[in-house]
Each structure stands twice: as C-alpha cells, then as structure tokens.
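Step one of this worksheet: look at the structure below.
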Protein chains: 2
Amino acid sequence: MEDQFIKAAALIGDPTRASIMWTLLDGRAFTATELAISANTSPQNISMHLGKLLEANLLCVEKQGRHKYYRFSNKEVAYVVESMANLIPKPEISSKNKPENYPPVKYCRTCYDHLAGKIGVALTDSLLEQKIIIEKNNTFEISSEGKKWFSDFGINIEEAQKQKRIFLKPCLDWSERRNHIAGSIGTLLLNKMLNEDWIRRTANSRAIVITGKGEKEFLKYFKIVV
Amino acid sequence: MEDQFIKAAALIGDPTRASIMWTLLDGRAFTATELAISANTSPQNISMHLGKLLEANLLCVEKQGRHKYYRFSNKEVAYVVESMANLIPKPEISSKNKPENYPPVKYCRTCYDHLAGKIGVALTDSLLEQKIIIEKNNTFEISSEGKKWFSDFGINIEEAQKQKRIFLKPCLDWSERRNHIAGSIGTLLLNKMLNEDWIRRTANSRAIVITGKGEKEFLKYFKIVV
DNA sequence: TTCATAGTTAAGTATAGAATGAAGTATTCC
DNA sequence: GGAATACTTCATTCTATACTTAACTATGAA
C-alpha cells in the first residue's frame, strides 16, 4: 500500500509532470504539443512523461486525427492537484499591489470544472445573499425559492440531483481561500455561462474572460459589477 | 504560481518524504528517529528531508526534551496526502483473498484525525441506521433524536458546532471507498473512544486495535460485531 | 507524390539532489 | 561526571532518471 502511494507521489512530483497536471487542472484536454509548450520542454520529453502518467492511469487520452488529447482520467486525480494548489501561500494583497498587477487568471478562472476565483466567490455570495442557496454546517443547500430560481435560469435541479456526483458542495478555492460552489451545480452554471457566451475560455490558460454580454448578465442576475 | 505548485509537488514527490507523509497521515506526531525507521533510512537523511518539509511549512515540529515531534502543520497538507492515498487502486477482494490476509491497518485505522477503515464505515452505517445522523445531498446532518443521543453518549453537540472546522462532513476513505464521518464529530468520537479505552493506537502504524471493553461497547452502542 | 505537422521510440549523456560518512551539539540517565 | 541517546551539519559520493540527439510512424494538406 505504502509503495503504491510513494509511486503516485513520485509520479506527480516530477517538475515537468507537475507542470502538465497544473495545466490540466483547467479541466480541458490538451494535446501533447500544447503541453510541451506550456511545460517548456521538448515533444519527446513530454511524450515520455505522458506515457508514464497514462501507464499509471492518472491521465487518459483521446485520439483525434493526428492529435492526441490528454486529460485527467477521473475526479480523484483532479482533487489531488487541487488540494496541492491549495497549499500555495496566498499572496499578501497590500494597497500597493493593486488587483491590476495580478494576472487575470486570479480573478476569473475555472477550478477543474466549475467557476472559481473572485468571480466564483462573488457568484456564491450573490446566491447566498438572494437566499437561492443557504449555508448550513459548512455545506450548501438549495432553498425552495432557489429551486424556482434555478429552473427560471434554465437549470433543471431534479436532473442534476439524479447525477451520481456530489450535487452541491463547497470548494475551498486556492486563490481566494473562500468557499464557492462546486459539484454538479457548479458545472451546470459554468456550462450555461459558456454556452450563452457570458464567458469564454482563453487558450493555454485556466483563465476565462468575461464578454460584454456577460458583464450585463452578471449585473442583472447576480448584482456583480465585473 | 505554477512554480510554487511545482515545488510543493516535488517536495512530496520524493520517495523518502512521501514515506514520511504516509506515516504522518495517522494524525499523530512522530519523532525523527521513528520516521527514519519507518522510512527505512538513516537519521541524517531523515533530518535533511524533515528540514525541507519544515522549511516549506508542510510540517511543524514540537520539541520535547531531546525528542522532536513532527506532524502536519495544517489540515490542507493532510488533505493532499489523503487525496493521494485515494488514488491507490482498490485491491480486488475475491473469495480467495479473505479479509484475514490483509494487514489490520485496512480494517481499523484512523484517517488523519477521525475513525476510518471498515470500523469507521460500520460506525457511520450504524449511526445512519439508528437515524442519529441522516444523509442529505451527500452530506450528513444530525437529527433531533441524534442530538439527544450524542449528549447521552457524552459529546456536546452545541460545543462542537461552535468550532470553526467543518462540523460533520463525509470523508471518502481510500481503503473502503465509502463515505464515513469526518469533521469535528469524527474527531470527538475518536477521542472519546481512545479516552474510554475502547480502542488503542499501535506503535508506528496508523492501525488501531480494539480492546475487550471496546468490543462490548461497539456491540452495545452500534450493534457492530468486531 | 511530396512536404509539413503530430507524436513516438530508442540509445546515450548529464546532473540534480538523495544518500553516506564523519564530526558536532543537546539532553537524559546512571 | 561520563555514557548513551536524539538529532543536526557539512563535505563527499553516488545514482536514478530526466533530457537530448536521432531516427521512426502516422495523419493531413498541397
């Protein structure tokens, strides 16, 4: 048991492979070349490392033409990477270090498969404020008014509740260190916003950008000034 | 940000340091010598590695005479190690591989600071069965009868609820892959059982043993045949 | 068909950093 | 006091494995 644990740790512990995992935390699949670029190494080298991660079942791969798309093979792997990201000490935000000095990734990013960062926290605050969700013993619950709200918003709560994965759970975000909504509801909200073009993913980064439409909608639905 | 993540990953990724973390997952503090023995290496080497883990704030240390006791410096670190342990593939349990063939650690162990393994899962099942706790959207809640039960059992719910840390949360155990109760209630139950000598910790292992008294009490309170 | 791109495989090298050996400081116990 | 134990520091050695160079297959486009 212990030796298997050590193997898993060593696998993620190599700098190049850690860089791969960091990139994949985004939740999207990346090609070998993209991963080589973001890890700043050669294609041969990344190929070797991806081989090891595949072998250990930490990643899975999908072939599309001459491209190969790599992603985490399951949630458990993402949890490891997220929990490691959570170890990173929060940077001191003094009046000198204005938000503008930080990369946008800090303010609007996805956390594996849900919305995290400042926007995720603000969104959660707004849902709490509007009593759409309520906090109870460090978990979130959807209120009865909340159920109506989600349905109006275009998200089928009953459907989501049927899914196996945790329905509505808090996720301690490593950049904000505040709970925000993860779970299937988090995923549904994220997808809804992507589909409706409130937000767009950026290439090669876990950051997302808010569109003009998104700005208006965030204000309207969540009273969030972007 | 990424480089800090990579450093953290590399820190845990070294085999000797991973072994240290594995041992500390127990939740207890260990001396440098104990860690050297369990990691099967020299005192000098363990000292070097402990220095690095301290430097990175993954561990903290408490001096007691000529001994130095090392432990995780916070919950976040334990979460990383637990989530990594969770990656270990569950061994196939066929009729040939009888439970007896597995080391006791699998059946009765602590999970950082609460009761895990078969006994932890059985305990949780019993609490659910007796409607002391109820499952709701993948989280646990204490019923009103449950509050009385805990008070009779000698655990002050109101006091526990005041504590900052998560009060009652499920923990996916890596050996059983079943939810069981973690959080402050988990800790209180564990401590109660240790104090009342239902169970005892074993040296140099995360396993715990059940005492004769414990056997009777587990049967009486939880209908668990040990 | 030819060229370009995406990715892999294999053999050889280089180096980071883990382990070792020797020598030191504290602390406890007799 | 002296011996034993717990732990650390530093200089040196060693080695696992990440990375490189080179040659390969496979897909797609011109």
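Quantities reported herein were computed from a predicted structural model and do not represent experimental measurements. As a basis for the values below, the full set of heavy atoms in this structure was taken, side chains included, without hydrogen atoms, waters or symmetry mates. All chains are named by letter (A, B, ...) in the order of the sequence lines, taking the proteins before the strands, and each is independently numbered beginning at 1.
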I want to check one thing: is the phosphate of D:dC19, taken as OP1 and OP2, less than 4.0 Å away from some side-chain N or O of A:H49? yes

Is there a side-chain contact between B:T33 and the phosphate of D:dA6, meaning an N or O under 4.0 Å from OP1 or OP2? no

Would you say a side-chain N or O of A:T16 is under 4.0 Å from OP1 or OP2 of D:dC19? yes

Considering just the side-chain nitrogens and oxygens of B:R17, establish if one lies under 4.0 Å of OP1 or OP2 belonging to C:dA18. yes

Quick check: are there more than 12 heavy atoms from other residues, nucleotides or ligands sitting under 6.0 Å from NZ of A:K192? yes

Given D:dT17, is OP1 or OP2 found less than 4.0 Å from the side-chain N or O atoms of A:K52? no

Which of the following nucleotides, D:dT20, C:dT8, C:dT20, is nearest to the side chain of A:N45? D:dT20

Under-3.5 Å donor-acceptor pair between B:Q44 side chain and C:dG21 base: yes

Would you classify A:Y70 as touching base, sugar-phosphate or nothing, given that sugar-phosphate means primed atoms plus P, OP1 and OP2, and contacts are heavy atoms under 4.0 Å? sugar-phosphate

Taking only the side-chain nitrogens and oxygens of A:K63, find out if one of them lies under 4.0 Å from OP1 or OP2 of D:dA26. no

Validation row, ring centre A:F153 to ring centre A:Y221 under 6.0 Å: yes

Name of the residue among A:L50, A:I20, A:T31, A:T23 meeting side-chain contact (heavy atoms from CB on, under 4.5 Å) with A:Y70: A:L50

Return the value, rounded to whole Å, for the distance between atom NZ of A:K68 and atom C1' of D:dA26. 10 Å

If you check every side-chain atom of A:R66, which of C:dT8, D:dT27, C:dA18 has the closest atom? D:dT27

Roughly how far, to the nearest 0.5 Å, is CD1 of B:I6 from OG1 of A:T16? 7.5 Å

